[in-house]
Protein chains: 2
Amino acid sequence: MARSPLTREAVLAAAAALVRQHGPDGLTMRKLAAELGTAVTSIYWHVGNREQLLDALVERTVEDMGAIRPVGRTPAERVVSIARGLRRELRERPHLIAMVHERGLTDRMFLPAQRALVAEVRAAGLRGARAADAVRAVQFQVVGFVLVERNRERSPVQSPGEGELWDPADAPGDPALARELARPADPERLFVLSVRTLTEALLAGG
Amino acid sequence: MARSPLTREAVLAAAAALVRQHGPDGLTMRKLAAELGTAVTSIYWHVGNREQLLDALVERTVEDMGAIRPVGRTPAERVVSIARGLRRELRERPHLIAMVHERGLTDRMFLPAQRALVAEVRAAGLRGARAADAVRAVQFQVVGFVLVERNRERSPVQSPGEGELWDPADAPGDPALARELARPADPERLFVLSVRTLTEALLAGG
DNA sequence: ACCTGAACACCGTTCAAGT
DNA sequence: ACCTGAACACCGTTCAAGT
């Protein structure tokens with residue numbers, strides 16, 4: 001190992017691997033140097049300090065979030081398909097997405113998706129400020145949902161979870177409701193339901 | 001300063017102040033000790049290590065998120081008022097809320113709000129699984145929105161921001177839409193619009 | 001141009017020692 | 001029961017010195 005000269009590329013690759021496995025906190029300059037078989041300070045020459053290194057990883061992630069391919073026959077269906085695509089891409093890179101988020105680059109990362117949403121909203125007949133509101137409402141909903149969902153997964157053991165909090169006495173005369181709330185939510189189903197409901201309502205008056 | 005004997009209460013108060021001002025990363029055991037005028041190690045005697053200290057702060061926050069007072073004449077109006085109340089409370093404690101989230105206590109923190117939402121959804125005539133879905137969809141939307149919003153505020157200078165990304169050529173024949181997307185969103189308005197639209201659609205078939 | 005080790009200023013935590 | 005300083009194992013970063 002570590003015979004060939006160090007390159008910016010090698011540093012970024014090793015750093016990305018560390019972040020993917022252990023999250024941003026797992027990326028220390030010293031561990032990274034050990035991984036690369038170099039002195040800690042060599043890293044600074046190639047990619048700058050830790051902050052700049054993370055910025056470079058984030059930049060790469062933003063560039064990767066490219067292609068959006070809407071499917072479906074109605075604008076509403078295509079909006080839902082865009083939303084599902086976004087969710088899938090976000091969930092594949094949880095740590096990196098969080099870092100994009102922290103650096104305030106979410107808007108830029110979402111630009112391709114936003115353009116796709118604009119097209120669908122216009123196809124549904126919306127114009128001007130109403131169209132802009134619809135696009136943003138969906139965008140906020142998708143990003144927000146994924147953030148909430150990710151947090152739930154990261155902390156699997158709720159103490160106490162919804163399960164222990166809900167008992168039938170809380171929903172008088174509706175044991176099915178209490179039972180449902182005592183069960184963990186199915187995120188995929190809830191996501192599609194939420195996005196579809198919101199989208200159809202937003203596009204309705206087009 | 002720092003004449004009276006150190007108490008668990010004093011440690012928690014000083015720690016909460018540090019977190020409120022500088023976020024969790026701004027809370028170091030050494031700064032906290034300096035603030036309190038004691039040795040670093042005294043803190044450990046009163047509240048345990050840093051992790052346990054943060055846990056105690058989180059616990060306090062969860063307990064504080066109590067009263068929900070729905071206003072409005074229709075269930076939908078009252079749901080919106082609950083959502084606005086939640087948003088306000090979340091925005092007052094951004095750092096602490098993030099910590100609650102990281103520790104997986106969000107569900108417990110939201111239990112009072114969830115009960116209030118259940119009441120309104122039932123008042124609108126929803127039952128069983130459909131009622132549970134509606135409650136959760138609103139809950140996810142509110143929390144998600146606040147998370148996205150908070151991130152946008154934390155990083156005011158997008159590089160590039162939506163402003164530079166959108167020019168009229170992107171929305172052919174609709175300069176008003178392009179102009180609107182080039183302007184920063186009004187979060188309060190977008191929030192109410194989103195929640196109202198989603199809620200009314202969810203409650204419609206009750 | 002590229003890499004190095006030493007040094008600095010920070011961390012959280014442990015622990016034996018004080019009162 | 002409460003508080004202390006010293007010590008340990010970690011950090012990120014700078015910098016003069018090497019090739």
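Lettering of chains follows the sequences in order, A, B, ..., and the numbering in each one begins at 1.
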For [X] and [N], what is the distance between atoms [atom1] and [atom2] respectively, to the nearest whole Å?
{"X": "B:I43", "N": "D:dG5", "atom1": "CD1", "atom2": "C1'", "result": "14 Å"}
{"X": "B:R30", "N": "D:dC10", "atom1": "CZ", "atom2": "C1'", "result": "11 Å"}
{"X": "A:L6", "N": "C:dA1", "atom1": "CG", "atom2": "P", "result": "16 Å"}
{"X": "A:W45", "N": "C:dC2", "atom1": "CH2", "atom2": "C1'", "result": "6 Å"}
{"X": "A:K31", "N": "D:dC11", "atom1": "NZ", "atom2": "P", "result": "6 Å"}
{"X": "A:L32", "N": "C:dC3", "atom1": "CG", "atom2": "C1'", "result": "15 Å"}
{"X": "B:R50", "N": "D:dC11", "atom1": "CZ", "atom2": "P", "result": "16 Å"}
{"X": "A:R8", "N": "C:dA1", "atom1": "CZ", "atom2": "P", "result": "17 Å"}

task: Output the distance between atom CD (A:Q141) and atom CG (A:L86), rounded to the nearest 0.5 Å.
output: 12.0 Å

query: Roughly how far apart are A:L126 CG and B:D174 CG, rounded to 0.5 Å?
result: 9.5 Å

Please determine, for the side chain of [X], which listed nucleotide ([options]) has the closest atom?
{"X": "B:M29", "options": "C:dG12, D:dC15, C:dC11", "answer": "C:dG12"}
{"X": "B:Y44", "options": "C:dA1, C:dG12, D:dT4", "answer": "C:dG12"}
{"X": "A:H46", "options": "D:dC3, C:dC3, D:dG5", "answer": "C:dC3"}
{"X": "A:P5", "options": "C:dC15, C:dC3, C:dT13", "answer": "C:dC3"}

- prompt: Does any N or O donor sit under 3.5 Å from an N or O acceptor when you compare the side chain of A:T28 with the base of D:dG12?
  reply: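 For A:T28, whose side chain was compared with the base of D:dG12, there is no donor-acceptor pair (under 3.5 Å).
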
task: Kindly indicate whether a cation-pi arrangement holds for A:R87 with A:F191, taking the cut-offs as under 6.0 Å to the six-membered ring centre and within 45° of the axis.
output: yes

field: More than 12 heavy atoms of other groups within 6.0 Å of A:R84 CZ
entry: no

message: So, does A:N49 get its side chain near the phosphate of D:dT13, meaning an N or O under 4.0 Å from OP1 or OP2?
response: yes

message: At less than 4.0 Å, is any side-chain N or O atom of A:S42 found next to OP1 or OP2 of C:dT4? Yes or no.
response: yes

Who pairs with D:dA6 - Watson-Crick or G-U, where each distance is under 3.5 Å: C:dT14

task: Just name whichever nucleotide pairs with C:dT19, Watson-Crick or G-U, keeping both distances under 3.5 Å, else none.
output: D:dA1

query: side chain to side chain contact (heavy atoms under 4.5 Å, CB included) with A:M109: which of A:M65, A:R103, A:Q114?
result: A:M65

